[in-house]
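One structure below.
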Amino acid sequence: MAWLHISAPKGAVPTATSKCECGRDRSAVGNRRVLALITDHTAHRDACPLRIPQEGRAAA
């Protein structure tokens with residue numbers, strides 16, 4: 001499970017945090033960095049080792 005928390009109050013610098021059960025914990029401050037973290041978070045959701053089926057794993 002991956003979480004993305006974005007805070008962008010009016011007139012303030014936006015911040016974001018990306019966390020995942022696999023141990024990922026990243027944060028960003030500022031418009032460009034928050035946008036980059038959103039893109040990175042989306043890519044991580046597709047590549048997370050907890051979401052990718054393991055080769056040779058027996059079906060439940």
Side-chain angles (χ1 to χ4, degrees):
M1 212 30 105
W3 296 270
L4 178 63
H5 180 263
I6 302 169
S7 178
K10 186 176 181 177
V13 176
T15 61
T17 303
S18 172
K19 293 185 179 186
C20 183
E21 288 182 351
C22 72
R24 173 191 174 90
D25 187 0
R26 298 187 180 170
S27 60
V29 177
N31 290 332
R32 274 193 246 152
R33 289 184 177 174
V34 167
L35 291 173
L37 183 60
I38 293 168
T39 301
D40 186 56
H41 176 83
T42 302
H44 174 74
R45 287 177 51 118
D46 294 334
C48 178
L50 295 179
R51 292 182 54 131
I52 298 173
Q54 302 297 317
E55 287 185 354
R57 186 175 172 190

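- For the side chain to side chain contact (heavy atoms under 4.5 Å, CB included) test, residues two or more places apart in sequence or in another chain that qualify with Val29 are Val13, Thr15.
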Could you list the donor-acceptor pairs under 3.5 angstrom formed by side chains in residues 30-42, with sequence neighbours left out?
| from | atom 1 | to | atom 2 | distance (Å) |
| --- | --- | --- | --- | --- |
| Thr39 | OG1 | Leu35 | O | 3.3 |
| Asp40 | OD2 | Arg24 | NH1 | 3.3 |
| Asp40 | OD2 | Arg24 | NH2 | 2.5 |
| Asp40 | OD2 | Arg26 | NH1 | 2.9 |
| His41 | ND1 | Ser18 | OG | 2.7 |
| Thr42 | OG1 | Ile38 | O | 3.0 |

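- Contact between Leu50 and Cys22 at its shortest, heavy atoms only, is CD1-N, 3.3 Å.
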